[in-house]
Amino acid sequence: MQTVVPSERFFTADQFTYANYQEVVVKHAALNLDVNFDRKVLDGDVTLRFERLNPDAQTLTLDTKDLLIKAVALETNDGWVPADYTLAAADPVLGSAMNIAIGTDANQLRITYETSPTAEGLQWLTPAQTAGKEKPYLFSQAQAINARTMLPVQDTPAVRMTYDASLRVPDGLLPLMSASQDGQDADGNWTFSMPQPIPSYLIAIAVGDIKFKAINDTIGVYAEDYILDASAEEFAETPMMEAANTALYGPYRWGRYDLIVLPPSFPFGGMENPRLSFMTPTLIAGDKSLTNVVAHELAHSWSGNLVTNASWRDAWLNEGFTSYVENRVMEALYGEDRAVMEQALGLEDLKRDVADADRPSLTQLKFTDDLTHPDEAFSQVTYVKGQFFLNFLEDRFGRAAFDPFLKSYFNAYAFDSITTEDFLGFMDANLRAQNPDAVTDAEIQEWVYGQGIPATIRIPQSDAFDKVAAASARWSGGDMTAAELPTQEWSTHEWLHFLNGLPDLTQEQYKALDDAFSLTGTQNAETAFAWYMQAIKGGYAPAMPALEEFLMTVGRGKFIYRLYGALNDNGLAEMANRVFVKAKPGYHPIAQRIISDILAG
Ligand code: BES
Ligand code: ZN
């Protein structure tokens, strides 16, 4: 059994790094940093230990972006000596290659540097921008290629290293990292260590007036006071998720698992920083309806953090696998109906992203070399098409074979960075060889290298959603009033299906829905987002003040990018630009860049 892999695709060099990681590879980074809130910089040094893969290599090339390099020293037989280096002209996406002369023997160097106050990977919040209003806050977001704005590093997921850190922060603030929190040393430095090798995009830091609440002995929540108890309650089922994930795919290998609920400007739903997932406060709905994001970030402890995509062209190995595992865990905890509803919502999003793709090549699971920025690799194609590919394989081979196969995959490639072709080869040898007729080469080629949605997709069938659609049609067709819609039994998922599927409505119909269910200003961020998208499309003006408030207080990209885009495309560009000017200082640098691009057309 042999998958035919186009040969030029077989080895995927990472096009988003300058690092010469095929020659010299960094194995460990030791950070020693002041967290300076007055100047909004990280200031200190990093010591890098490296190994030569090519014994003749005399240059180490690192990624940097917007860093101020102050000194470079090399450890030699004569002790630490200054090293020669150059910084290349900056590319707007990739930053500046830093070439350091490493001679023939040294294996350790130290770079003294500071970050820029506008580093894209760091958001510095003033006290006024926090809930508590008294202390500042800092958090990082290194994925995909912003670790290089935090430290000089081989910023490619192909390279894994261990790290440790010693941080100084102002009194009264708690620093946390994606590492074991080792407490304060005798000098008052906060110390951290990550003994498992990780890619650079998983280096993370948060500093603020942060409190902790345990969920059990190995799992807990960090958050600002105002939301700590609610967060611990919302995420109370995380231990069951970890147990379900472990039962399917083997042990959790990272020690503790904690969550931190960040300020609302965090631009993602969640980020799988090892040992400490970063989460948006928009998940704290009060009814555990949005906890699939916890299942998702936790699942990355296997798919992504343990087995990592070697380049962003292989991002589906991280996000598609994780969406699949997330859904398996949700099924294990809450049953098939909820899991299928979540699949169906995902498929709606996938269809939209396939239809809206800027180029057909962006609808492939394995991307070609035409990506202009790694952001392009993170549409629902990567998440949901990837998930449905694994659903397809699960159906063909059966869970009895597929589940142990995936478990063996996580073990075989633990702490490794691999390509799509590595996965396909492993599957040929360890799944297809035992059952050669279950799938054809052509089917796999269509899923991995083909464009759009494959013919062999398993369409999720949700009776609950069918009932919602039927009720929706009766209401919009005038056969029942809004108050007669059977919403008492609707979960958030059913509401989302209802709202996303609304046909063109009259202003009276929007008002009737709003009067019956108070959708404008609703507290569940997912429901609010779905409603505001419809309100923009239909020009329903009474929702606009609450939408403006939403855009002023929520920085989660999944919501605000599409809201700004919809305003821009539906004759409300003036409102979009007016609100963005006001909201921009509170948004994360990543969100500022993306929304500026959206509004520029
Ligand atoms: N790793 C991603 C977040 C990410 C993607 C950061 C690309 C930077 C670049 C994270 O695991 C994720 O996928 N979050 C999703 C939630 C999930 C349930 C789909 C999100 O933020 O919406
Ligand atoms: Zn993810």
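All ligand and atom numbering here is 1-based and tracks the order in the structure.
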Please lay out, stage by stage, how F559 and F550 fare under the test side-chain contact (heavy atoms from CB on, under 4.5 Å). CA-CA 10 Å; F559 301 144; F550 188 88; 3.8 Å; yes

Numbering as shown, the atoms of ligand 1 that approach Q141 to under 4.0 Å (heavy-atom distance): 6 (C), 8 (C)

Starting from atom 10 (C) of ligand 1, what is the nearest protein heavy atom, named by residue and atom, and what distance separates them? G270 O, 3.2 Å

Where is the nearest protein heavy atom to atom 13 (O) of ligand 1: which residue, which atom, and how far? Y383 OH, 2.6 Å

Quick test of your reading of the model: are E526 and K558 salt-bridged, counting only N-O distances below 4.0 Å? yes

Which of the listed options, M271, K558, R556, E297, holds the heavy atom that is closest to atom 16 (C) of ligand 1? E297

Quick one: report the N, O or S atom of H300 that is nearest to the Zn ion (ligand 2). NE2

Are there over 12 heavy-atom neighbours, none belonging to D375, within less than 6.0 Å of that residue's CG? yes

Check the angle between the aromatic planes of F402 and Y324 and answer parallel, tilted or perpendicular using the 30° and 60° thresholds. perpendicular

Tell me which part of F378 gets within contact of ligand 1: side chain, backbone, both or neither, using heavy atoms under 4.0 Å. side chain

For H296, counting its heavy atoms only, list the atoms of ligand 1 lying under 4.0 Å from any of them. 11 (O), 12 (C), 13 (O), 17 (C), 18 (C), 19 (C)

How are the rings of W316 and F423 set to each other: parallel, tilted or perpendicular (split at 30° and 60°)? perpendicular

Proximal atoms of ligand 1 relative to E272 (non-hydrogen, under 4.0 Å): 1 (N), 2 (C), 10 (C), 11 (O)

Gap between atom CZ of F529 and atom CZ of R556 - 0.5 Å precision: 9.5 Å

Answer yes or no: is there a donor N or O on one side and an acceptor on the other, between the side chain of R253 and the main chain of Q196, under 3.5 Å? no

Under 4.0 Å from a heavy atom of H300: give me the atoms of ligand 1 that qualify, with their elements. 11 (O)

What is the nearest protein non-hydrogen atom to atom 2 (C) of ligand 1, stated with its residue, atom name and distance? E319 OE2, 3.3 Å

Please state which protein non-hydrogen atom is closest to atom 4 (C) of ligand 1 and give its distance, to 0.1 Å? Q143 OE1, 3.2 Å

Using modelled atom types only, decide if a donor and an acceptor are shared between the side chain of E348 and the backbone of L345 within a distance under 3.5 Å. no

Can you tell me how far CD1 of I598 sits from CG of D569, rounded to the nearest 0.5 angstrom? 9.5 Å

Quick check: does E319 put an N/O/S atom under 2.8 Å from the Zn ion (ligand 2)? yes

Please identify which atoms of ligand 1 are closer than 4.0 Å to at least one heavy atom of G269. 20 (C), 21 (O), 22 (O)

